[in-house]
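Here's the structure we're looking at; comments come further down.
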Amino acid sequence: MTTTTVARRANAVPTDPRQHARDIAEAVDYAWHSRYGGSRIEVPMSVVAALALVARETEDPDRLAALAEMFERLDHEGFGLLMQRLWCEFAAIRPDLNPRTKHLWSWTDEDQDETVLRAVQAVGQAALRKGLFGRCGPDGWGETDLLGMLLQTMKSHSGKKGIGQFLTPESVTLLLGGMNTPDEGARILEPCAGTGAMLLGAAQAMREKGLDPTACEWWANDLDPLAAALCAVNFHLWGLGLRVVVGCGDGLLDQWMHEALEHRQIAIDEIQRAWRMARQIAAVRHVLDLPTPESALDRHLRKAKPKAAPPPPPAPPASSTFDAEAVFRQRRLF
Ligand SMILES: C[S@@+](CC[C@H](N)C(=O)[O-])C[C@H]1O[C@@H](n2cnc3c(N)ncnc32)[C@H](O)[C@@H]1O
């Protein structure tokens with residue numbers, strides 16, 4: 001790891017994760033609106049969510065710092081391809097969340113406008129420079145609602161007041177979680193969950209009491225597809241386990257629960273079919289001894305990889321006396 005990386009990491013990461021989340025949200029909001037400013041705020045949110053997932057899955061801070069350096073050097077096309085790859089990988093490991101997270105990744109399947117891609121790159125760089133990768137592993141972003149903070153910050157430019165999209169502050173969710181801590185095995189239901197802050201409070205209270213939140217069933221729903229998508233990512237970032245269902249419908253009716261369960265099962269079946277197909281293709285390639293082709297993203301990453309450190313400069317001469325005469329005799333001065 002280079003000295004610059006160490007210095008940047010030490011400078012960029014405030015100790016308070018909430019303050020850190022606020023800094024990232026403000027930097028991302030500024031990057032998006034100064035570069036592009038389009039109303040599709042799911043795009044910058046998708047970038048931050050994908051990078052936060054990388055931070056969660058990478059426990060080694062040095063590896064994460066090296067990745068940050070490489071990602072920051074990607075050009076706009078490379079950054080777009082990176083987003084596509086990260087969301088594909090997430091869909092493969094969490095197909096159950098795919099019906100909700102689709103709202104965050106569907107733009108990566110569209111023909112990309114260069115202006116949007118440049119804004120995507122600017123957003124990613126802003127988040128990385130603010131130390132998004134300075135928190136790694138399951139604990140990294142596991143105890144704060146980074147995505148909720150981002151949603152509130154970015155929606156402050158639009159009409160969040162219309163649907164009352166103000167999320168409950170963490171101090172309050174923690175207090176409520178402590179007052180009414182779920183038991184292991186409980187089913188917890190939030191029909192107007194936003195990004196899930198109340199559920200995070202409950203999970204944190206369980207952990208503080210030595211209970212395991214993955215032993216519960218977590219059901220969340222929101223009318224707003226973006227909030228529901230971020231809540232689905234949060235469930236993974238917060239380590240709530242696999243017994244989770246996230247819906248997107250009217251929380252005043254039961255319908256969302258049936259739909260969410262059905263869509264969840266369809267998504268799991270689809271990914272299982274895709275896995276079977278991928279395994280067959282890999283087996284055929286292996287039998288035919290075909291080399292794995294380099295993807296467009298691999299090419300961009302190869303170019304962005306920092307070059308190996310140059311060899312150290314030669315050691316200085318033992319004596320500081322400059323023997324001008326000797327050099328002149330060897331005609332090395334001119
Ligand atoms: C004040 S926020 C609170 C979110 C979350 N419960 C918290 O404490 O942070 C209210 C949320 O309810 C959602 N909402 C409003 N009406 C709804 C409805 N009929 N069904 C589902 N969600 C709804 C909004 O989109 C918003 O995200």
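Computation of the quantities below employed the complete heavy-atom set of this structure, encompassing side-chain atoms and omitting hydrogens, waters and symmetry-equivalent molecules. Remember, it's 1-based here, ligands and their atoms both numbered in the order they're listed.
- Using bins of under 30°, 30° to 60° and over 60° for the plane-to-plane angle, the ring pair Trp141/His20 lands in the tilted bin.
- For Thr173, no heavy-atom contact with ligand 1 is shorter than 4.0 Å.
- The heavy atom nearest to atom 24 (C) of ligand 1, considering only Thr195, Asp222, Leu151, is found in Asp222.
- Considering both main-chain and side-chain atoms, Asn221 never comes within under 3.5 Å of ligand 1 through any nitrogen or oxygen pair.
- Here the shortest heavy-atom distance to atom 18 (C) of ligand 1, taken over Leu252, Asp250, Leu167, belongs to Asp250.
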**OP:** Determine, step by step, whether Arg85 and Ser295 satisfy the side chain to side chain donor-acceptor pair (under 3.5 Å) criterion, reporting the C-alpha distance in whole Å, the side-chain angles of both residues, the deciding distance to 0.1 Å, and the verdict.
**Re:** CA-CA 11 Å; Arg85 170 80 66 89; Ser295 72; 3.2 Å; yes
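- Counting heavy atoms from C-beta outward, Gln19 and Asp23 have side chains that approach closer than 4.5 Å.
- Arg100 places no side-chain N or O within 3.5 Å of a backbone atom of Val233 that could act as its donor or acceptor partner.
- Ionic pairing of Glu143 and Arg207 is not present here: no N-O contact between side-chain nitrogen and carboxylate oxygen is shorter than 4.0 angstrom.
- Side-chain contact between Leu51 and Leu128 is present, with at least one heavy-atom pair separated by less than 4.5 Å.
- By heavy-atom distance, the residue among Gly196, Gly251, Cys192 lying nearest atom 23 (C) of ligand 1 is Cys192.
- Put simply, part of Gly249 is less than 4.0 Å from ligand 1, judged by heavy atoms.
- Atoms of ligand 1 found under 4.0 Å from any heavy atom of Pro191, numbered from 1 in the order shown, are 21 (C), 22 (N).
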